[in-house]
Every structure is written in structure tokens, then in C-alpha cells.
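Order of the sequence lines sets the chain letters (A, B, ...), proteins ahead of strands, with each chain counted from 1. No hydrogens, no waters, no symmetry mates; every other heavy atom, side chains included, goes into these values. No experiment lies behind these values; they were computed from the predicted model shown.
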Amino acid sequence: MNRYNPKQIEPKWQKIWDETNLYTTDLKSSKPKYMAMSMFNYPSGNGIHVGHAMNYTISDVKARFKRQQGYESYHPVGWDSFGLPAENYAIKAGISPQESMARIIPAYHQQYKAMGWSNDWEKEVTTSTPEYYKWTQWLFVKLHEHGLAYQDSRWQWWCTKCQTVLANEQIVDGKCWRHEGKDDPIVEKKEVKQWFFKITDYADELLEATEDLDWTESVKLSQKNWIGKSSGAEIDFELKGLEEKLTVYTTRADTLHGVTFMVLAPEHHLVEKLATKENQQEVERYVKQAIKKTELERQSEKKKTGVFSGSYAINPINNKQIPIYVADYVLSGYGTGAIMAVPAHDERDQQFAEAYDLDIVQVVNEQDKLINSEQYNGLTVAEATEQIVDDLAKSGKATKKTNYKMRDWSVSRQRYWGAPIPVVNCEDCGSVVLPEDQLPVVLPELTDFKPSGDGRSALARATDWLKADCPKCSKPAERETDTLDTYVCSSWYMFRYLDPHNQQMIFDSDIANNWMPVDFYNGADHATAHLLYARFITRFLNKIGLVSTVEPFTKMLYNGKVTAKDGSAFSKTLGNGPDPLEIINSGYGADALRTYLMFAAPLEFGARWDSKGVPGTHRFLSRLWNITEEYLSLDSSSADSEAIPEKESRQLLSITHKNIKKVTEDLDANRYNTAISSCMETLNNLYLLKEKITFSRSEAWQTALESLIICIAPFAPHITEELWQQLGHSDSIHVDHWPKVDEQYLTSDTMTIVVQVNGKLRANIEVDSGADQAEVIKQAKANSNVDSFIDGKTIKKEIYIPKKLVNFVV
RNA sequence: GCGGAUGUGGUGGAAUUGGUAGACACGCUAGCCUUAGGAGCUAGUGCCGCAAGGCGUGGAGGUUCAAGUCCUCUCAUCCGUACCA
């Protein structure tokens, strides 16, 4: 008998699948479609790690399951190949990012294939190729055309290591998302001219649609918090001795009588004007020092600081004079960058008031009613908020206003390795976006990829490339040296997967309308950034009529990460994670690795790495192999091999169909771990049955084995393909083979009834399936163990749960 | 702080509408077998107890014939977030 040898069969089938294009998707197929994918990979020199193995196996199992069920299933593959690591590597190693990608990506091909993932390689997408980024640039042009891309000079988070601007989403614990190590610097602020995408225009619809998404709840919640909608009002305060007004945003207009001071953010444009002569020096000093501070420093400072400006504002509700302070606990980026402070009802204002000895006036009592508020006394908070804003609005001093935490998406990066922003800067016309027919703006080849040193990217060194004629006035001008944030590339790649070679359009709308949204999407990261950007861009593509869907991903599963045995993260820098290829090559094979990762825990939990785990699933697969080999070695020529007794056949088919039902339901519901355990249980039962009943080349045994193998196929594609073939099939198990549950085998002649006395288990009895309540209770009482507990006692109550349980209360 | 989740054997984890707690796997124990291997097979394995039986899902109450599951309080851990006016 052959032993199970993954080292032999896995490469064999990988080669056959490749040669027969088994996983090439026909996007125009008449079959129902299914698209399952994981967030695509950022290729680095290190190759795949066990976390990738986890992510892509999840979507692969899904794609395989659907393909077996008869869907035209698409499991795409691509590379998010622009970005910093490749550029930094290029600076260090002295080879161009183009060159290093050309080396790295083919190595990934080998690894993906070794994992047995059913990717469609004909439609592979690489974001750093001009064929792809032409359309990333095109997207920029279109967004600009529709008023959703604009340029603005702003204080931006700046990573000194990357020498580039960062979006809020790219800051992790006050540090750059690429440099969050212990010795890495905290981010700084720098005023830079940037391009922005106006995602805030879509804030409301994104927020509203979030509720209905079939996504992991925690991601939905993060997105809601990230958008951070709040309803309030803007209120104008007149300034003593100044023409200008000070506008504040508040959600608590009801507390207007409790305002005892105003606070401006240090960056506020009125700070300079409001600082009186006596206070000027101190204000300037404070502002200078506050702007330098980083978010991390502000966080660690528990004490509120600030300075008095010397000026006063007039409270529009009662004309009282209120002192104006400058303090860094007020942020310039939120609301209007200025607040009305109500120390009695806001903790931060209270801390500030206590530190600077300012008045605290309570205006709301414990019953949430207004006090010390003149004609508004007695109103509830909700009533007063409404009425005060209405009253002030009559004289134009207040307007209702909705505010969002979410900022516009900054997309400019001062880096070489990205899609050039398709803009020409002309002395006369300013920044001019290129017309479509001048795309792509191809990234020039360079030898030195370091930022130019003047705040611009390395592209400033490409002197020939820099020269371009202004599309408006045709005068000589200079190209933009910033490139696009890589999140732009990844915000629309799922569309390109559907039409990767199209030279005329970003993608074909007919195909996209058939295939979008993606049915299943998973990943262990990017809850807010990428997943929000992709939703935004999809909505934009819908608005301009390119696709009928508004959401990119129907189902999003936020899976857990693979961690060390104690639950701690594998460190990238230490490289202490297990190497999937090493595990495969050591003889356990990809099937055992895949099965372990999917079996170890629910997908949302992630898997804890246990070095005994893969040997465990390898044992399971070996047992599947061995029983099949033993079955195949039975004599198939004799007449009595045809059939086994009806009762035995029924036993076999009963466990078989129970398993089919369980696995089908679990795969649909993404409960992979219990699907696998059901298959293990079924296999154990087959081993037991083989000793108890006739083990022969019979239809029942053939069906039992084949069904089990089909159910395991999404997890372990190689061994199942091999056994399928050995069982006499010439087609692939992976296409259009999924068994139907036959209900007749799910019922049985007898049922097991649990018998309790006073809620405690006393017996399990087997009764006829047709038995009624009286009959079941009669048999329950007849049980000797039950009898010993009820004998001589009065039965107060008999509870009967049909087909399940009897409980005697004595 | 706030928001969200999760607490079940030595370990990872199972348990439809409340109805046999611990499926499946790892580990461990004993026995068998052999081509002595990273094997394979069989049996056992929540805790206490010789047993009958009792106890048991972070803790304390409660509802119920019956609670891992529902309610109240409480503790712990993890994740997200960070002065959002």
C-alpha cells in the first residue's frame, strides 16, 4: 500500500492544474458568479509568512467551495507593489524598485502555487506597472473633474524617516505606520502643499450605508467612529474692539449661559489679532511651543495649559464679556478650531478652569433641566438646545451644523516609488491636471531614489522628465514630483481584477456589473483606511456611471492574525514566525498546513501557532489516505462486492449525509473549524464502522468515501484530487462536485431521550421514533436507574420536550 | 477615559429556539504492533470519590422543571480609539 506522501502528490497536481488552466475564470460564463478574495499582498524580499498563509487560505477555501458547488468562482491575485519598503530597499541595496519587483514577484508565484491556492494567474494585477497605474492616474483626473480632488496648503503630519506626509490613518501611536518601532521618531508637523480627495463629501452616505453591511461588526464600528458624525451648531461671538466674529462649534448650545471663557487652538487665525500688547509676547511664545508639540506629547500631558489673550468676546445670549484664552487642548482640525468653554459641564474645560482659576457656573441640574439660564430655566437639555439655536438663528448668530471627525484624504507623497500625480505646474496657470490622453505619466528610471532633500521626491532629479508643456497655455512647465499614496492604488484594484488587460478603459462596465460587488473579502488589517477608501472610490465610480453597485464588498470577514502560542504577535523584525514553505517542504505538505490553520480556531480569533498542530492535521489526512487505499485494495471482482446489507448501507449513508449537511452549512457561515471537526468525526466513524459492518467495494462505501473527500477538498485540495482520481474519476474534484443532502438519511428509527429527575441527568433511553408522550414517559419510568430516584416519591410534574427530553419533578 | 468584545479541562476550542457541558484536536497515561518513526493501532483522560454519588462554564445573586446560554451586580483579560467641543 502506498503511503501518503504530500511531497510527491502536491507538486504533481499543482503542475496539472497549471497546465489545464483549472482555475482560470471565464468572466462571461453563464454559471452563477462568485468572487472571493483576500486583501492583496505587499511583496517584500521576505516572501510569504504564516499570516499570509492564513489570509489567502480563508478566501481560497471559500472560492473552492463555491467552485465545487457549481459557481463560476474567481479567486484573483495581484500585488500592491508600489510603496516605501521597496523604495527603501532600493536605496539600501542599490537596485531599482522596478528591478527588485521583477525578482521578488516570480518568487511569490512559486510560493502561492506551493500553497495550493486556486488563483487565476491570467488576470494577475501589479499596481506598479504603467498598464495599471495609468488608470490610478485616470481616477485622479476624474476625481478632479468632479471637484473631488483639490490642492491645499496645510499643516500635515510628517515622518522624518520617510521624508513624507502622512494621513491620520497612517499614524500609529503617534508614529508613522511604517516606523512604529521603539527607536523610530514620533511624527512632526509641517506645512505642505498637498493634494486631497474629498472623501468628506461622502461621509454621510458612507456612514448611513455602514449599518447594512454584512461585515465583521468591529470593522463597522471602527468606520462609524472614524467618520465621527456629530450634530450641533455654529455660534458667532462678537469680539470686543474687533470687526471680526469668533465662530465656535458646539453640540451643547443649551449650556450657553454657563460659558465662562473661550479657547482658541494655537493655530487659529485670530490668535494674532486677539493678543493684546501686554499679552503678545507670552501668547507668541506659547503658540510657538504648542505647534511644535506632537500628538504623543499632548497625550502624555495630563495638565491643561494655555495663555490669556487679553481680549474678550461677547456672549450672544446675555451680552456678557468672556475672556479669550489660547490653549492646545483645543484642536485646529476639528470644528472651527475654537470653543466656548463650559467648565461646569465639560471635564476638559473644568480642568482648565481649575488650573487658571476661572468661574464655573452650573446651568444643568441632576434632572437634566436648565438652571441659571434666564427664560430657558426649566427646559430639558434637548428642548433648550433646540430653542436656543432657533432663537439665535433669528438674528443670524447661530446655524445648525453637522460635523465629522473624518478629514479629507491626503494623497500626495514625496516619494519616488508610486504613481506620479498627473499634474503639471505652470508659472502662469498654476497646477494643471493633465488631460486623459496624456496618461500614463510614466515613472522615469533613476539611479538615486533618495528624496531630493528640498522636500521633493527623487523625481526632482529626473531633469528631462520634469520638462513638460502646460496643457493649458503650452508654455514650458514642470511636472509634479509628488506621487500618489499607495492606498489610492488599492482603493480600486478589485475592479481591475475583472478586466486587467483593458487598454481603452479602466474596466468594462458590463463585466463589472455582473461581477461586483465582491462576494467575499477578508483581511486582518486596514479596518478604517483601505476599507473606507475602497468604499469611497466605489461610490464615486457608481456616481460617474461606470458601475451599478455602490459598495465594493458584500461580505467582509475581519479575520484574526496568527500569533505565537502564548498569544503574542510574531515579530516582523525578529522574523520568528514559522515559515510556511519550510513546513511544506519538511514533508507535512500544504494540505496539512492549510487544514491546521483553518481548524485551529474560529477565523475571527486567528490561529495560535502550535508546532504540534500541523502534524495533527497531517495525521488526519493520512488516515483519510489509508482508509481509501485499504478500500481500493479490496477485491472488486467478486459478486458479493456489489451490495452490503440495507441496514449497514443506511448506517454509512446516515453519517455521510449528516456530515454533508454540517459542512455545507458551516462553510456558508464561515465556520471552517467546525466543518473540519465534523469531517474528522466522520472519518473516525468510518474507521469504527469498517470493523463492525461489511467493508467491501460497494456503492455505499464508495459514496461514503467520495462524499467525505469532496467535503475535505476545499481545505486539502491535493490529497483529495489524488484520491478522487484513484477512486476512478477522470475529471477534477474541484469543479462542480458538491453532494446534495438526502433528508431520508437524516432520520432514524429510534430516538435518544434524555431522562432527568429534578433536572439532573439519570438516563438516556432509546425509544421508537413514532412513540408519543405517554409511551416515552412509560419507558422512562421503566428505566431502573430512573426508578431508583422516583421510587416511593410523588411525581409533582412531568415535563416532556418532544424527541429530546423527559424531566420528572419529585 | 470612552467604545467593543471575550472569560468553558493541562492546551486550542465545541455546544440550534434555555434541554446530555467539554464535540474535534493537541498533550498526557496504559497496552499492542512494527520496516524503531516527526510512526501506526486500541483503550483511557473535567474535578473529588473505592463506589454510589457529588461538584463543575471568571465571581456573587436571581428567573426557571431545567441556565455556559436569560436578568442584575461584580472581577479579569484582550482589541479599537485618544482631549472631537
Any donor-acceptor N/O pair under 3.5 Å between B:rC65 base and A:Lys796 side chain = no
Kindly check if the number of other-residue, nucleotide or ligand heavy atoms within 6.0 Å of NZ (A:Lys690) is above 12?
-> yes
Between A:Leu761 and A:Tyr596, who's closer to the 5' end of RNA chain B by nearest nucleotide?
-> A:Tyr596
Ignoring the backbone of A:Leu331, work out which of B:rC24, B:rC26, B:rA85 is nearest its side chain.
-> B:rA85
Would you mind pulling out the nucleotide paired to B:rU17, Watson-Crick or G-U wobble, both distances under 3.5 Å?
-> none
Quick one: look up who B:rA85 pairs with, Watson-Crick or G-U, both distances under 3.5 Å, and put none if it's unpaired.
-> none
Given B:rG54, B:rU20, B:rA25, the nucleotide with the shortest approach to the side chain of A:Arg762 = B:rG54
Do A:Glu211 and A:Lys224 meet the salt-bridge criterion of a basic N to acidic O distance under 4.0 Å?
-> yes
Which nucleotide in the set B:rC24, B:rG40, B:rG19 lies at the smallest distance from any side-chain heavy atom of A:Gln756?
-> B:rG19
Both distances under 3.5 Å, Watson-Crick or G-U wobble: report the partner of B:rA43, or none.
-> B:rU29
Base of B:rU17 paired with side chain of A:Lys804 (donor-acceptor, under 3.5 Å) | yes
NZ/NE/NH1/NH2 to OD/OE distance under 4.0 Å, A:Glu798 and A:Lys781 | yes
Return the nearest nucleotide to the side chain of A:Arg608; candidates are B:rA23, B:rU20, B:rG12.
-> B:rG12
With a non-hydrogen cut-off below 4.0 angstrom, is A:Tyr588 in contact with a base, only sugar-phosphate, or nothing?
-> base
Could you state the NZ-C1' distance from A:Lys401 to B:rA85, rounded to the nearest angstrom?
-> 14 Å
With the side chain defined as heavy atoms from C-beta on, A:Arg623 is closest, among B:rC65, B:rC55, B:rC41, to B:rC41
How far does the C1' atom of B:rA14 sit from the matching atom of B:rG1, given to the nearest Å?
-> 37 Å
Between B:rA51 and B:rA25, how far is it from one C1' atom to the other, in whole Å?
-> 32 Å
Do A:His618 and A:Tyr4 have ring centres separated by under 6.0 Å?
-> yes
May I ask which nucleotide in the shown strands pairs with B:rA5, Watson-Crick or G-U wobble, both distances under 3.5 Å?
-> B:rU77
A:Ile339 has a side chain; which of B:rC84, B:rA85, B:rG27 sits nearest to it?
-> B:rA85
Nearest heavy-atom contact between A:Val363 and A:His345 is N-NE2, 3.0 Å
Contact nearer the 5' end of RNA chain B, comparing A:Arg348 with A:Ser218 | A:Ser218
At under 4.0 Å, does any side-chain N or O of A:Arg407 touch on OP1 or OP2 of B:rC84?
-> no
Think A:Asn684 has a side-chain N or O under 4.0 angstrom from the OP1 or OP2 of B:rA25?
-> yes
Give a yes/no answer on whether the side chain of A:Asn673 brings an N or O atom under 4.0 Å of OP1 or OP2 in B:rA14.
-> yes
Gap between atoms OH and P, on A:Tyr687 and B:rA43 respectively (whole Å) | 14 Å
Looking for any heavy atom pair under 4.0 Å, which part of the strands does A:Ser586 touch: base, sugar-phosphate only, or nothing?
-> base
On a whole-Å scale, what distance lies between the C1' atoms belonging to B:rA23 and B:rG13?
-> 10 Å
Given B:rG53, B:rG13, B:rG19, the nucleotide with the shortest approach to the side chain of A:Ile799 | B:rG19
Is the gap between the ring centers of A:Phe808 and A:Phe789 under 6.0 Å?
-> no
Closest to the A:Phe599 side chain, choosing from B:rA82, B:rG54, B:rG12 | B:rG12
Given B:rA85, is OP1 or OP2 found less than 4.0 Å from the side-chain N or O atoms of A:Tyr249?
-> no
A:Leu221 has an atom CG; how far is it from atom P of B:rU81, in whole Å?
-> 11 Å
Pick base, sugar-phosphate or nothing for A:Asp346, based on heavy-atom distances below 4.0 Å to the nucleic acid.
-> nothing
Send over the distance from A:Asn785 CG to B:rU20 P, rounded to a whole Å.
-> 18 Å
How far does NE2 of A:His657 sit from OG1 of A:Thr664, to the nearest 0.5 angstrom?
-> 11.0 Å
Please state whether the phosphate of B:rC41, meaning OP1 or OP2, lies under 4.0 angstrom from any side-chain nitrogen or oxygen of A:Lys690.
-> no
Base paired to B:rA66 (Watson-Crick or G-U; both N/O distances under 3.5 angstrom) | none
Taking atom C1' in both B:rG22 and B:rG44, what distance in whole Å separates the two?
-> 16 Å
Could you tell me whether A:Arg535 sits above the aromatic face of A:Trp215, with NZ or CZ closer than 6.0 angstrom to the six-membered ring centre and within 45 degrees of the axis?
-> yes
For the side chain of A:Ser222, starting at C-beta, report the closest nucleotide among B:rC24, B:rA85, B:rG80.
-> B:rG80
Please work out if A:Val754 contacts a base, only the sugar-phosphate, or nothing of the nucleic acid, heavy-atom cut-off 4.0 Å.
-> base
Is the closest basic N to carboxylate O distance between A:Lys303 and A:Glu354 below 4.0 Å?
-> no
Whole angstrom value for the distance that separates P of B:rA25 from CD of A:Glu681 = 8 Å
Any strand, both distances under 3.5 Å, Watson-Crick or G-U wobble: B:rU35 pairs with none
Any strand: nucleotide that pairs with B:rC24 via Watson-Crick or wobble, under 3.5 Å = B:rG12
Which whole-number value in Å describes the distance from A:Lys612 NZ to B:rA25 C1'?
-> 13 Å
Using whole Å, report how far CD of A:Glu604 lies from P of B:rA14.
-> 10 Å
Nucleotide opposite B:rU72 in a Watson-Crick or G-U pair, distances under 3.5 Å = B:rA60
For atom P, what is the distance between B:rG37 and B:rG58, given to the nearest Å?
-> 45 Å
Determine if the base of B:rG58 is syn or anti; take syn to mean the glycosidic torsion is within 90° of 0.
-> anti
Check every atom of B:rC83, B:rC24, B:rU20 against the side chain of A:Lys304 and return the nucleotide holding the closest atom.
-> B:rC83
Gap between atoms CD1 and P, on A:Ile676 and B:rG13 respectively (whole Å) = 15 Å
